[in-house]
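Only a predicted model underlies this, so the values are computations on that prediction, with no experimental measurement involved. Here is how names work: the chains are called A, B, and so on, in the same order as the sequence lines, proteins then strands, and each is numbered from 1.
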2 protein chains.
Amino acid sequence: MHAAPARPTAPAKRPRGRPRKTVDERDDGNRRRALIVGAARLFRRKGFDGTSTRDIAAAAGMQSGSPFYHFRSKQALLFAVMEEGMRHAVERQREAIAAAGMEQLPPPEQLRLLVRHHFQVLLGPGSDFIPVMLYEARSVSPRQRTSLAQLQGEYEQAWIPVLEALHAAGRLQADVKLARLLIFGALNWSVQWFDRRKGATLDELTAAALALFIGERA
Amino acid sequence: MHAAPARPTAPAKRPRGRPRKTVDERDDGNRRRALIVGAARLFRRKGFDGTSTRDIAAAAGMQSGSPFYHFRSKQALLFAVMEEGMRHAVERQREAIAAAGMEQLPPPEQLRLLVRHHFQVLLGPGSDFIPVMLYEARSVSPRQRTSLAQLQGEYEQAWIPVLEALHAAGRLQADVKLARLLIFGALNWSVQWFDRRKGATLDELTAAALALFIGERA
DNA sequence: CCTACCGATCGGTAGG
DNA sequence: CCTACCGATCGGTAGG
C-alpha cells in the first residue's frame, strides 16, 4: 500500500541512483511513516498540545526542524495520524465483515463481530491512531473534522442495519440512534481503563458488552 | 460555603477595614473561586496544555502573574478544579439518593436515578468540572490521581449494590465489574456529542440508557 | 494582587 | 533532511 510508483520520465540526477550511505536505506515514504507512527504514540501518551515537534522528530531520529520537510505543520501531522488510522479501521472492518460472511450471521453475532473488531482497533497492538482521533479531535480544523466525520460515517454505516435488526427483533429496546451513541461511548471509553497486561481479554470484554447491550449470554 | 471566617485577633492594618474602590468588592474566596470557575471552562474547551495561565488570569480579570498568588502552579489549579468538581458530585449524589429515598425503589428505578443524576453532573448547566476531571486526568500527578480516585470510589460505591441487585434479578447479564466500566463509558462519552441546545433531553437520554442496559421500556 | 521580568521552550523557516 | 536561527509565548517569580 502506498508504494512509490516508478517515475520513468524523471531525469536521473545522479548516475545509478543515489548512494546508500548505511544499511538503513531511507526513502521519503519510510521517514514520513516513521513520523506518523511516532507522533501517534506521543499524541496518545501526552496529548497533542503536550507533545513538541522536537519530541516527534527525536522519536523518528531526526533533527528538530526536519518534520516540517514532511508536514506543513504540527496540525497537518495530527490530521495524517487520524486520517490514516480511520482509513485503516474502515478497511479492516470491511475485511472482517467479508471474511466472516457477516450477512449470513444472526444479528446478535453480527453485533459481536463489530464489537470485537472495534475493541481490536481501540486496544490491540499498535493501536494509537484511533484513540488519538477520538481524544484529540479538538485540535484539528473544522475542515479536517468534516473530512474525518465522513470516514467515521463509513465506519458506522456497518453498524446501523445491525442495530435496526436487533431493534426490530426486540433485542434492543432503546432508540437506535441513541443506542449507537451510547454503545460507541461504552466501547471508546475502554481506552481509559483497559490494561492489556492484566485483567480481561478482548474476548471477555466483547462478551460483557454483548451481555450488557442485548442480554446475550456468552 | 467556604466563606472567609472573621479573624478577631488579627490587628487591623488600616482603620475600619480596607477601602472599597468599586462596587465589585473582592475578597480572597471570591477571587480564588473565579479562577477555578474560569479555569474549568477553559480547560474543558481547550484542554489543560492548550490553556495558558494568562488566559485564566484574564478570565478572572487579573494580570498574568496573579493566579500564582492563589495557586502554587497551573497543575495545582487543575487539581482544584477536579477535586471541587468531584466533591460536589459526590455530595449532590448523596442528596439525590436521600431525597428520593432510593433504598425503597425497585432496582431498575435506582439505576434510573443514578444515571439521570450522572447525566446532570456531566451535561447540566455549569458542568465543566467533571468533564475536565474525566478528560484531563493525564495532567495531574500520581499523588493527586490517587486522591481523586478515592473520591471516585465514593461516587461508585452507590452504584455497585444497584448493579449487583440487577444482576441477581437477571436484569443485567454482564459481569458486574465490566458492566460498571462499560456503563460509565457510555455515559461519560456523552460529553463528546451531547448538545444541550438541540436533540434529546436528559430524560430521553436516561430512558435510552436504561433501555440499553437493562431493557427497561420508558 | 500588580509590575516587571526571567529562562526555557515552542512551532516554524531560510538556506543549503 | 540538517544547521542555525527567529519571534512568540509559556509558567513562574521577586518585590512591592
Mind calculating the distance between CE (A:Met62) and P (D:dT3) to the nearest angstrom?
-> 13 Å

Given atom CZ of B:Phe71 and atom C1' of D:dG12, what is their separation to the nearest angstrom?
-> 15 Å

Test ring-ring contact (aromatic ring centres under 6.0 Å, His included), reference A:Phe48, set A:Tyr135, A:Phe79, A:Phe43, output is A:Phe43

For the side chain of B:Gln63, starting at C-beta, report the closest nucleotide among D:dC2, D:dG12, C:dC2.
-> C:dC2

Considering residues at least two apart in sequence or located in another chain, which fulfil the salt bridge (Lys or Arg N to Asp or Glu O under 4.0 Å) criterion with A:Lys46?
-> A:Asp55

Mark yes when over 12 heavy atoms from residues, nucleotides or ligands other than B:Arg138 sit less than 6.0 Å from its CZ; otherwise mark no.
-> yes

Check: B:Trp189 ring centre within less than 6.0 Å of B:Phe119 ring centre = no

Aromatic ring proximity, centroids under 6.0 angstrom, B:Phe184 and A:Trp193 | no

Charged N to carboxylate O under 4.0 angstrom, A:Arg94 versus A:Glu91?
-> yes

Under 3.5 Å between N/O atoms: give me all the protein pairs with nucleotides 8-11 of chain D, atom names plus distance.
| residue | atom | partner | partner atom | Å |
| --- | --- | --- | --- | --- |
| D:dG11 | OP1 | B:Thr51 | O | 3.3 |
| D:dG11 | OP1 | B:Lys74 | NZ | 2.7 |
| D:dG11 | OP2 | B:Thr53 | N | 2.7 |
| D:dG11 | OP2 | B:Thr53 | OG1 | 3.0 |
| D:dG11 | N7 | B:Arg54 | NH1 | 2.8 |
| D:dG11 | O6 | B:Arg54 | NH2 | 3.0 |

What integer distance in Å separates B:His70:NE2 from D:dG12:P?
-> 15 Å

Return the stems involving DNA chain C, sorted by first number, where pairs are Watson-Crick (N1-N3 with N6-O4 or O6-N4) or G-U wobble (N1-O2 and O6-N3), both under 3.5 Å, and runs are 3 or more long.
-> C:1-16 with D:1-16

Residues A:Asp195 and A:Arg197 bridged, charged N to O under 4.0 Å = yes

Tell me, yes or no, whether the heavy-atom count around A:Gln150 atom CD, taken from other residues, nucleotides or ligands under 6.0 Å, exceeds 12.
-> no

